[in-house]
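Take a look at the structure below.
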Amino acid sequence: MTEKKYTLHRISGQIETIYLAEYPDRMLLLDGGCRCDTRRIRNFVTKKLGKRMEDITLSFVSHVHPDHAGAAPILRKRYGIPIAAPRAIDTWYVRLSGWLQHLIDYLFAWAVVIRMGRPWLRMWYPRFVRPDFPLEDGSYLPFFEDWKVLLTPGHTAHHAVLYNEDECTLYAGDLVLKANDRWLLPVPITMPAAQKESLRRLSTMNIKTMLLAHGDLQDELPVGLFDSLMPGTIRRPPLTLRAVMPLMMLPPDIRKNTTGGGS
Ligand SMILES: [Fe+2]
């Protein structure tokens with residue numbers, strides 16, 4: 001059995017769980033959460049770990065939603081932490097329809113905050129991530145070559161997860177989530193066919209541990225998990241959510257970005 005190369009820390013963010021992989025000489029942030037999570041991350045790194053924010057070598061951003069991409073641009077601006085994100089990430093919020101989608105996603109994040117009873121903190125964030133390291137499917141993270149990038153479109157066209165081959169560990173982003181002891185798909189699934197294909201791809205892989213942005217670390221995965229989550233096989237979201245889903249999928253042109261890889 002290989003020795004673990006890093007210590008994994010979990011930080012409870014405004015909406016999601018933020019993971020920080022601490023290696024002996026560098027640190028990797030797996031989605032930085034919302035804009036307001038920058039303070040939580042700073043407190044953890046400086047007070048708990050006794051390190052400097054500049055010791056974070058890289059921010060990985062799985063997709064452009066406010067609870068995943070909100071903090072990374074601020075962390076880069078304040079501490080010079082570079083961002084690695086899927087190459088197509090900045091095609092999601094382009095044009096007027098993208099501007100509108102950004103606003104809708106931001107308001108939806110606020111609805112989640114209110115529902116979760118979380119504090120009212122600043123969450124507005126830039127529409128464009130402008131990654132320092134645009135990622136391709138099958139590539140490896142810069143500085144952290146034990147993490148492989150897999151594009152998993154479905155939730156958005158550009159969504160990406162990370163797979164650590166040595167430890168059979170997957171950082172899932174918003175590919176799947178777990179709430180109230182139930183495995184779920186995220187809302188919305190803008191491209192059901194692509195989501196199905198993404199789940200099918202992962203179902204063939206050896207995954208022992210999943211790091212969920214929504215649902216914490218899971219190391220006892222049900223057999224056939226990904227098959228059971230194929231769109232169309234799970235229960236529909238509650239009526240209140242279904243009522244706002246058309247709004248969240250309003251702009252037609254961004255859904256044409258179906259390749260995930262982009263150009
Ligand atoms: Fe998301």
Side-chain angles (χ1 to χ4, degrees), residues 12-19 29-37 59-73 83-86 88-94 97-116 118 123-129 131 135 149-162 170-179 183-192 194-196 198-199 202 210-216 229 231 234 237 241-242 244-251 254-255 257-258 260 262:
S12 178
Q14 178 78 334
I15 294 178
E16 65 163 38
T17 302
I18 300 160
Y19 298 90
L29 190 63
L30 300 175
D31 278 336
C34 300
R35 180 191 184 121
C36 56
D37 288 323
S59 277
F60 166 72
V61 175
S62 63
H63 66 298
V64 76
H65 285 160
D67 50 334
H68 295 260
I83 298 172
I89 194 165
D90 285 340
T91 63
W92 195 242
Y93 287 148
V94 292
S97 58
W99 177 87
L100 184 60
Q101 181 77 69
H102 179 250
L103 184 63
I104 291 166
D105 291 345
Y106 170 71
L107 294 175
F108 182 65
W110 265 109
V112 173
V113 164
I114 292 166
R115 194 163 173 228
M116 291 171 75
R118 303 295 284 169
M123 291 207 299
W124 186 251
Y125 74 115
R127 236 176 350 134
F128 300 112
V129 173
L135 301 172
V149 179
L150 304 173
L151 294 182
T152 49
H155 179 50
T156 64
H158 58 271
H159 188 276
V161 299
L162 293 178
L170 186 86
Y171 173 66
D174 268 2
L175 178 79
V176 297
L177 54 105
K178 196 174 179 188
W183 288 88
L184 300 165
L185 292 179
V187 175
I189 297 293
T190 52
M191 292 174 294
Q195 178 77 6
K196 217 173 202 172
S198 296
L199 292 170
L202 292 180
M210 277 223 278
L211 312 178
L212 300 182
H214 306 281
D216 220 332
L229 286 170
I234 62 165
L241 203 49
R242 290 211 304 275
V244 299
M245 277 170 72
L247 270 180
M248 297 166 68
M249 301 166 72
L250 191 62
I254 59 174
R255 293 203 306 279
N257 299 327
T258 52

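Order of listing sets the numbers, starting from 1, for every ligand and every atom in it.
Between the side chain of D90 and the backbone N or O of F128, no donor-acceptor pair lies under 3.5 Å. Judged purely by atom type and a 3.5 angstrom limit, Y19 uses its side chain to pair as donor or acceptor with the backbone of L212.
Summarising the geometry of G32 relative to I18, their closest heavy-atom pair is O-CD1, 3.5 Å, with the distance given to 0.1 Å. Taking each heavy atom of D105 and Y93 in turn, the nearest pair found is OD2-OH, 2.6 Å. Shown here for M191 and P153, the closest heavy-atom pair between the two residues is CE-CB, 4.3 Å.
Taking the centre of each ring, H159 and W92 stay at or above the 6.0 Å mark.
For a distance threshold of 2.8 Å, the protein N, O or S atoms nearer than that to the Fe ion (ligand 1), listed by chain and number, are H63 NE2, H65 ND1, H155 NE2, D174 OD2.
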